[in-house]
There are 2 protein chains.
Amino acid sequence: MTMSNGGAGGRRKPPTIHDVAREAGVSRGTVSRVLNGGHYVSPAAQEAVNAAIRKTGYVVNRHARSLITGRSDSIGFLLTEPQEKLFEDPNFNVLLRCCTQALAAHDIPLLLMLAGTEDERRRITRYITAGHVDGVLLVSSHSADPVAEELREAGVPLVQCGKPMGLGSKVSYVAADDRDGARDMVRHLLSLGRRRIGVVTGPLDSPGGVDRLAGYKEVLTEAGVEIDERLIVSGDYSRASGEAGAERLLSQAPDMDAVFVASDLMAQGALTALRRAGRRVPEDVSVGGFDDSSAATESTPALTTIRQPYDRISNEMVRVLLAQIGGEDPAAVILPTELVRREST
Amino acid sequence: MTMSNGGAGGRRKPPTIHDVAREAGVSRGTVSRVLNGGHYVSPAAQEAVNAAIRKTGYVVNRHARSLITGRSDSIGFLLTEPQEKLFEDPNFNVLLRCCTQALAAHDIPLLLMLAGTEDERRRITRYITAGHVDGVLLVSSHSADPVAEELREAGVPLVQCGKPMGLGSKVSYVAADDRDGARDMVRHLLSLGRRRIGVVTGPLDSPGGVDRLAGYKEVLTEAGVEIDERLIVSGDYSRASGEAGAERLLSQAPDMDAVFVASDLMAQGALTALRRAGRRVPEDVSVGGFDDSSAATESTPALTTIRQPYDRISNEMVRVLLAQIGGEDPAAVILPTELVRREST
DNA sequence: ATGCTGTCTGTGAGCGTTCACAGTAGAGAA
DNA sequence: TTCTCTACTGTGAACGCTCACAGACAGCAT
């Protein structure tokens with residue numbers, strides 16, 4: 001009994017608010033009011049309009065709406081990483097999925113934007129500042145991203161994933177508690193009786209990398225374990241850098257009995273290096289990761305790691321962004337992490 | 001009330017076509033003509049308009065344009081897989097990245113749509129048929145997807161990734177040559193002297209799964225090797241099903257000396273099962289994968305596999321979709337694969 | 001002169017919505 | 001009665017663009 005939306009082939013012209021109004025016996029204005037919250041509309045009209053919408057199969061024309069409201073009712077998901085990252089890092093994928101779903105709950109479409117090259121970056125910045133999206137979810141492990149600054153100056157609502165460098169107060173961000181997560185992991189390694197604990201850090205020009213290292217040092221100091229610079233090397237979150245990092249640690253400090261690797265992907269690389277060096281995990285060396293990405297369960301042995309709550313992070317990012325679009329001030333949200341014990345420790 | 005334009009920064013009202021026209025000393029119509037290809041515009045006007053555009057920083061308002069053209073100049077990337085797939089399968093990520101870039105080259109934004117649940121599916125179908133995107137790139141390993149059929153009936157331009165089941169002539173698709181790829185791999189295994197070659201197939205309700213199995217059988221028959229049903233088990237492209245499949249093969253045919261696994265992800269699982277069973281790869285059992293996804297290089301040993309040219313696939317999908325939006329008939333494109341030799345054979 | 005091309009340009013209309021405003025009806029107060 | 005207040009409804013603008021159309025002007029033939 002519902003509308004049979006035309007036969008095969010050819011797209012029929014969709015019904016407008018006018019058709020709905022005629023069908024319901026009311027004016028355009030009333031239909032519009034029903035569509036936008038239904039305040040100051042009589043129950044009878046409300047009912048008639050809803051029935052007419054169902055009958056005609058009406059769906060609002062977002063372009064017409066946007067033209068007058070100035071909003072686009074869509075938001076951009078911007079990745080400023082070089083593109084290989086997207087391939088390699090499972091975290092991005094989870095984040096993307098969760099953000100898409102969080103936005104879908106608000107009926108807001110997500111536009112995927114990849115700014116790998118300088119050209120793309122310009123094109124996208126231009127697109128965004130032209131007002132084609134209402135706000136931007138920004139993912140970039142390079143902190144102090146020039147794009148962030150540029151968008152902020154243009155007055156574009158923006159939420160960053162992960163703590164940004166420098167003038168943090170003016171830009172919104174959502175991040176996991178890196179320092180606390182690192183503390184948990186190192187405490188866990190200590191509790192296993194390990195004392196020669198190495199670390200492969202993240203990039204030290206990013207707050208995330210710095211904080212995880214800080215947590216590591218803090219706990220060791222508290223426990224009265226001497227901090228040995230030969231046990232500290234830095235990576236860039238990539239698998240390859242984890243492998244190289246572990247190799248370096250093994251040569252600098254052959255007596256290492258545990259290693260905290262600041263991302264699961266790097267930890268996978270570290271496992272490879274350790275295996276090649278003939279160290280058994282976890283018997284000879286305990287390995288702790290960070291993220292709880294799919295890499296953690298895929299590797300053998302499965303990684304003990306620090307879980308970043310990506311679902312909550314995504315939801316918060318969307319919540320903060322929408323609030324900011326609604327006129328609220330930028331906000332920072334830090335979410336707790338959780339130790340997940342598996343086979344590698 | 002909330003007219004105060006978002007707290008701090010403040011977004012300036014962007015210039016319109018009118019401003020450009022005034023600046024250039026021409027009419028709106030002329031500016032519009034320059035914007036849309038520049039036919040029937042004098043070189044002098046052309047120049048003046050372009051200068052005015054640069055000077056004012058004008059960017060076209062897509063909503064206003066869409067309102068009148070009826071096009072949205074955006075396309076949807078629709079994933080109808082259950083969501084875990086997105087996590088696990090690196091192919092999706094590559095495809096998504098490549099499609100985004102291919103569209104960016106045409107200055108067309110990509111809307112990411114995830115239809116995991118029935119509710120989401122309905123919401124998205126409604127959104128699409130309302131004309132909010134001009135066309136859809138569909139990824140679904142379940143062939144005969146009801147969404148595809150629904151969109152096709154609504155007259156929405158659609159290109160599927162991978163060969164669809166059944167009424168294939170009316171829907172566009174782009175796929176790698178599954179059968180030929182499988183043939184190459186099995187020939188390769190035969191050339192290594194293997195004769196007891198097992199296979200873990202993809203889902204056999206999908207053409208991709210069927211074709212890869214067909215290629216396997218074809219080459220064995222040609223080579224005069226008897227086809228043994230105990231050497232054939234089926235999976236669903238997931239890592240877990242690869243592991244289970246390899247286990248089943250080992251118990252049904254312990255003399256197996258090679259296995260063709262219809263996806264790299266499953267091959268990873270198979271490697272795990274083989275290692276657990278004490279078989280050395282490639283010494284005891286050669287393992288061949290399919291896809292050349294990141295899983296192939298990440299596993300140890302690195303997988304010999306059949307490369308699917310995802311960059312070309314993406315480009316073709318976009319090309320065919322845009323052609324279809326432009327009024328051309330649906331088209332099917334099959335692209336050649338390539339054998340990539342690594343450590344597992 | 002007149003007509004006919006072809007190239008180029010300006011103008012009004014209108015796409016489908018929302019928004020501001022004006023208007024109506026009924027209830028209650030003076 | 002009359003006035004005010006509240007709840008609701010209808011109407012004419014816009015929003016920024018493209019499209020169809022008409023007009024202008026040059027070149028070249030009649």
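Here the structure is a predicted model, which is why all the values come from computation and not from measurement. Convention: sequence-line order gives letters A, B, ...; per-chain numbering from 1.
A:Ser66 has no side-chain polar atom (N or O) that falls below the 4.0 Å cut-off from OP1 or OP2 of C:dT17. Using a 4.0 Å cut-off, some side-chain N or O of B:Tyr40 falls inside it from OP1 or OP2 of C:dT7.
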Letter per nucleotide, 5' to 3', of nucleotides 15-28 of chain D [B base touched, S only sugar-phosphate touched, - untouched; heavy atoms, 4.0 Å]: BBBB----------
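Listed by first and then second residue, the side chain to side chain donor-acceptor pair (under 3.5 Å) pairs that reach into residues 42-51 of chain B come to none, sequence neighbours excluded.
Under the rule for a side-chain hydrogen bond (donor to acceptor under 3.5 Å, both in side chains), the partners of B:Ser72 that lie at least two apart in sequence or sit in another chain are B:Ser74, B:Asp134. By the side-chain hydrogen bond (donor to acceptor under 3.5 Å, both in side chains) test, A:Asp73 is found to be paired with A:Arg71, residues two or more places apart in sequence or in another chain being considered. Listed by chain and residue number, B:Arg22 satisfy the side-chain hydrogen bond (donor to acceptor under 3.5 Å, both in side chains) test with B:Asp19 (two or more places apart in sequence, or in another chain).
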Can you give the donor-acceptor pairs under 3.5 Å from side chains of residues 102-111 of chain A to other protein atoms, not counting sequence neighbours?
from, atom 1, to, atom 2, distance (Å)
A:Asp107, OD1, B:Arg123, NH1, 3.3

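The side chain of B:Ala45 sits closest to C:dT9 out of C:dG10, D:dT9, C:dT9.
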